[in-house]
Amino acid sequence: MADEFDVVIVGAGLAGMQMLHEVRMVGLTAKVFEAGGGAGGTWYWNRYPGARCDVESLEYSYQFSEVLQQEWEWTRRYADQAEIMRYISHVVETFDLARDIRFHTRVEAMTYEETTARWTVQTDSAGEVVAKFVIMATGCLSEPNVPYIPGVETFAGDVLHTGRWPQDPVDFTGKRVGVIGTGSSGVQAIPLIARQAAELVVFQRTPAYTLPAVDEPLDPELQAAIKADYRGFRARNNEVPTAGLSRFPTNPNSVFLFSTKERDAILEHNWNRGGPLMLRAFGDLLVDSAANEVVAEFVRNKIRQIVTDPEVAAKLTPTHVIGCKRICLSDGYYETYNRVNVRLVDIKRHPIEEITPTTARTGEDSHDLDMLVFATGYDAITGALSRIDIRGRAGLSLQEAWSDGPRTYLGLGVSGFPNLFIMTGPGSPSVLTNVLVAIHQHATWIGECLKHMTDNDIRTMEATPEAEQNWGDHVRDLAEQTLLSSCGSWYLGANIPGKTPVFMPLVGFPDYAKKCAEIASAGYPGFAFQYDPVPVNQS
Ligand code: NAP
């Protein structure tokens, strides 16, 4: 007989960890399955040099426990991977989470049984278990995108991916290293690899807008001031569309209300302050392409000023809308291209055609390499979900249900898949927010929903097709009011060949959170319920 739990949670990243805590608070039993050897999800795997959060530490942290948020002391404005892993270990120990987590265990399939209204969850190494509820905490950036390049399997040196970095540090000393990809991971790793390697060849397809992070030791006075009213600080952040950085409100005015000199002063200030504040410089920069161009050109000029070789600067200069792909943060990224041991190769003009045991060959040139690093990102938001064979009512697979792009109600539920919840899924603000806030909002909402169902003998809960359709229209309408879907980004799945391009995250956290709360207090309209049969002797 398979073990039975009230809840199975898939993934022990930051979402799965809080979800386990919330499930326990409701008094239900839970089992968490995690493919990695420890908790932490993306932070467990992303050990590449330079890996650092691009959300400020005091915000990229849990808020479900006042004791926890008071006792933990962050040391940097932006925590690096090692500091975040120390925090994760502290949370796992403090809340005794590990006893309900099975590590090194990948969920391969799950099937909904109509007669019992239970999910059977199959794993690769722990057999199968049965649960009333399944919660997918599989992460938005957890399924690496490893593009196939002919001959890559013949390469003699190490081939690494930033999102599956080895547990032990990698030594680049004396090596000729190739890095493919210049998104958030690439721009963080490149300056550090360049300092160690004998030679670094960067293979760039699309140049990114990379802004200075301005990472620095965290000001103890700022930390103390925020802790004096952490609850108020979190509440103010929740009122911001991206659920964070309420200390730096967006300038509500149009760029065109300012003289050129005034605009430059605002942009210079935001550049020097660091972080994603550039996108808060003017109220219209993410909705008006002319306004956007002003900000984009400011950053392009910075690149031309920093990079000494004008040809290299031109290759590094992006042309797309700033902000439609996620902004990258890195200290010293553009300066790296002034080093004599660094070479930039434009693989949009001349793609890598072949990898041999010792080279990467483009149509133009051949590059001798000892190590190859893929910084090529993820099959984002839906990738980890679509790799599990999830079968709902009548054997319908989630992959089939989503063949024209993901469809959800509130990002949380899917029609045809009763009692299955998705955390930070498509149709929710997820990656457009400080994801720790998105996780908190989903974990607490799902926790309350589980309590409601348990208290009211509700057997199943399932999004209705109408609610799902209307929600999908709403997500699309909001995205179309911005410039966010105007370039081929992973928000749309455009980085994955064959993936149906649909803008997946929902724009605007505060309205979303209010809507979810309203739906819960109104008895969950848009979800259909079935009730447990009343036992015969009580009827
Ligand atoms: P990414 O932003 O998707 O960047 C991947 C890079 O690889 C891009 O330059 C992309 O070029 C290139 N690429 C993809 N497929 C390719 C192919 N077939 N051939 C050649 N080049 C290819 O991935 P990422 O850098 O791992 O970052 C993903 C997200 O994770 C970020 O946007 C961010 O949300 C998160 N992240 C955050 C941090 C942080 O907190 N600081 C750090 C790392 C990651 P194209 O642009 O042309 O597709």
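Whatever order the structure lists ligands and atoms in, that order sets their numbers, starting from 1. Hydrogens, waters and symmetry mates are skipped; everything else that's a heavy atom, side chains included, is used.
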Between R273 and N270, does any side-chain donor sit less than 3.5 Å from a side-chain acceptor?
no
If you compare S330, G186, A375, G50 by their heavy atoms, the one closest to atom 6 (C) of ligand 1 turns out to be A375
For R326, take its heavy atoms, then give the atoms of ligand 1 lying under 4.0 Å from any of them.
32 (O), 33 (C), 34 (O)
Using heavy atoms and a 4.0 Å limit, tell me yes or no: is I347 in contact with ligand 1?
yes
Considering non-hydrogen atoms of the protein only, which is the closest contact for atom 32 (O) of ligand 1, and what is the distance?
W490 NE1, 3.1 Å
Report the distance from atom OG of S289 to atom CD of E293, rounding to the nearest 0.5 Å.
8.5 Å
Between ligand 1 and V431, can you find any atom pair, the residue atom being a heavy atom, that is separated by under 4.0 Å?
no
Could you list the atoms of ligand 1 found under 4.0 angstrom from a heavy atom of Y48?
42 (C), 43 (C)
Are there more than 12 heavy atoms of other residues, nucleotides or ligands under 6.0 Å from atom CD of E311?
no
Can you list the steps and then say if Y230 with Q70 is a side chain to side chain donor-acceptor pair (under 3.5 Å)?
CA-CA 8 Å; Y230 227 139; Q70 289 296 335; over 6 Å; no
Under 4.0 angstrom from ligand 1, any heavy atom of T162?
no
Could you pull out all residues at least two apart from A290 that satisfy side chain to side chain contact (heavy atoms under 4.5 Å, CB included)?
F256, D288
Note: ligand 1 atoms sitting under 4.0 Å from heavy atoms of T182 are 6 (C), 8 (C), 9 (O)
Given side chains that start at C-beta, do those of L410 and W445 come closer than 4.5 Å, heavy atoms only?
yes
Which option out of Q81, Q188, R205 puts a heavy atom nearest to atom 14 (C) of ligand 1?
R205
Quick check against the 3.5 Å criterion: does W402 have a side-chain atom that pairs as donor or acceptor with the backbone of R407?
yes
For G377, the ligand 1 atoms with a heavy-atom partner under 4.0 Å come out as 3 (O), 5 (C), 23 (O), 24 (P), 26 (O)
Pull out every atom of ligand 1 sitting under 4.0 Å from any heavy atom of T206, numbered as shown with elements.
45 (P), 46 (O), 47 (O)
Among the heavy atoms of K325, does any lie under 4.0 Å from an atom of ligand 1?
yes
Give the numbers and elements of all ligand 1 atoms closer than 4.0 Å to a heavy atom of N145.
14 (C), 15 (N)
Looking at G181, which atoms of ligand 1 are within less than 4.0 Å of one of its heavy atoms?
6 (C), 7 (O), 9 (O), 12 (C)
Regarding D379 and R387, does a basic nitrogen lie under 4.0 Å from an acidic carboxylate oxygen?
yes
State the atoms of ligand 1, each with its element, that fall below the 4.0 Å cut-off from a heavy-atom position in G183.
2 (O), 4 (O), 6 (C), 8 (C), 9 (O), 25 (O)
Answer with yes or no whether the side chains of T242 and R280 bring together a donor and an acceptor at under 3.5 Å.
yes
So which of W74, W72, Y62 actually passes ring pair (Phe, Tyr, Trp, His ring centres under 6.0 Å) with H90?
W72
